[in-house]
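Report on the following structure.
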2 protein chains.
Amino acid sequence: MPAPEKTTLDQIVTAARDLVEQLGIDDLTMQAVATRVGVRAPSLYKRVRDRNELLALVVASTIDALASQLDATLDDPDPRTRIRTQADGLRRFAHERPVGYALLFGAHGAPRGEPAALARSVTPLLDAVRELTGDEHALDGARLVTAWANGFITMELAGSLRMGGDIDEAWNWGLTRIIATLEPH
Amino acid sequence: MPAPEKTTLDQIVTAARDLVEQLGIDDLTMQAVATRVGVRAPSLYKRVRDRNELLALVVASTIDALASQLDATLDDPDPRTRIRTQADGLRRFAHERPVGYALLFGAHGAPRGEPAALARSVTPLLDAVRELTGDEHALDGARLVTAWANGFITMELAGSLRMGGDIDEAWNWGLTRIIATLEPH
DNA sequence: CATGAAGGCTACGATAATTAGCCATCGACG
DNA sequence: CGTCGATGGCTAATTATCGTAGCCTTCATG
């Protein structure tokens, strides 16, 4: 290669991911990222088209991290347990990287991740749900679970749930109900 | 009064609300708002501390609009019907002002609305849920409904639900299940 | 050892937010 | 009536950022 590279795309994305988590998405400047990886801001444009592409890469990277974390789900024979594990894992992830999580789901005009990666992160859940609902409503059921979990977590992170009461209990109560309603009866 | 006012705070907030809906939150400039109300940008600062305060006012205004729309709920005797009406109303609102809705719930570091106004918008739902779950789990139940609805709508707006299937059907299927699981059994 | 592509850098240009400081208006008051 | 001063608007200037232009250095290759 031509000249010594002082950084890599990976380093840049990682730095951006960390900074987004620290500063919030609005205060993430190219300056800050550049300093973090040891170059001047304009040099970033040799690796990334613009700030939006960088954010898209951060999103993609975050999706990957999420999918990896959810993949590591133990193979419990009870689909209810697996669903619960998935949901809890999602929530834990959100608590660990609230900004990144918000970036993934719903947040403003955030660059959406590719369907493929997103689909991958949902597969285990879909399979577990299918065991309860049967093929016909597997997709509906998975949507029910993810919508609820995502909504709950989003509101929790945004502070919209502060009306008193124990939030963990509300989570568990809701999750139990959601799972219960998936089973045929 | 001193000098002829060329605009009012109300006009400014309304203009900002409309522009946010048209351009998205990131492209809302003080310039654009100023032009819309017929003054120069710096004059806005006579009414508003800064852009963030303006956004906060937009959020507050949007919450009010939402609360008003939800207040207009008919007094159906069946709490299930009322819950359904509330949820459908929320979704309709979100479709009418997607950006404003995203701003309200979860979106980025969005300025959160005052608890009071938000509480007001949830009261009718809370009452309806209480009739099904009883006092003890009224709050949990309301959270279950709002979390699911909000999550569903957020994902719908973000385009995260495009995995096939009819979205309206998924909404109705989910809503039915949610309501069903609130009733004691 | 010449060379040219890759990657870094400085210097700029453009756009927005926000501030500083000046000017005009009109109701209250002598 | 004529003056005063608070209010609201305006222009000019400042600060930050993104992104671009164009130059310079390095080193794998022939």
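A note on names: the letters A, B, ... follow the listed sequences, proteins ahead of strands, and every chain is numbered from 1.
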Worksheet item: Quick one: does E183(A)'s side chain have a donor or acceptor within less than 3.5 Å of a partner on L132(A)'s backbone?
Response: no
Discussion item. Would the distance check show the side chain of R177(B) and the main-chain N or O of T181(A) forming a donor-acceptor pair, the cut-off being under 3.5 Å?
Written reply: yes
Separation of [X] atom [atom1] from [N] atom [atom2], in whole Å?
X	N	atom1	atom2	value
N52(B)	dT18(C)	CG	C1'	12 Å
D50(A)	dT17(D)	CG	P	17 Å
D27(B)	dC18(D)	CG	P	15 Å
L44(B)	dA16(C)	CG	C1'	13 Å
Y45(B)	dG8(D)	OH	C1'	16 Å
I12(B)	dG8(D)	CD1	C1'	11 Å
R51(A)	dA16(D)	CZ	P	17 Å
R49(B)	dT19(C)	CZ	P	10 Å

Closest to the [X] side chain: [options]?
X	options	answer
S43(A)	dC9(C), dA20(C), dA17(C)	dC9(C)
T7(B)	dG9(D), dA20(C), dT10(C)	dG9(D)
V39(A)	dC10(D), dC18(D), dC9(C)	dC9(C)

Item to complete: Go through T146(A) and N150(A) one step at a time and tell me if the side chain to side chain donor-acceptor pair (under 3.5 Å) criterion holds.
Response: CA-CA 6 Å; T146(A) 53; N150(A) 179 28; over 6 Å; no
Item to complete: Determine, for R91(A) against D88(A), whether the closest basic-nitrogen to carboxylate-oxygen distance falls under 4.0 angstrom.
Response: no
Fill in: Electrostatic pair R84(B):D78(B) at N-O distance under 4.0 angstrom
no
Worksheet item: 5'-most contact on DNA chain D: R40(B) or T29(A), nearest heavy atom basis?
Response: R40(B)
Discussion item. Regarding dG8(C), can its base be found pairing with the side chain of K46(A) as donor and acceptor, where the two atoms are less than 3.5 Å apart?
Written reply: yes
Worksheet item: Base, sugar-phosphate, or nothing: which does T8(B) touch, judged by heavy atoms less than 4.0 Å apart?
Response: nothing
Practice prompt. Give L28(A) one of three labels, base, sugar-phosphate or nothing, depending on what nucleic acid heavy atoms sit under 4.0 Å from its own.
Written response: sugar-phosphate
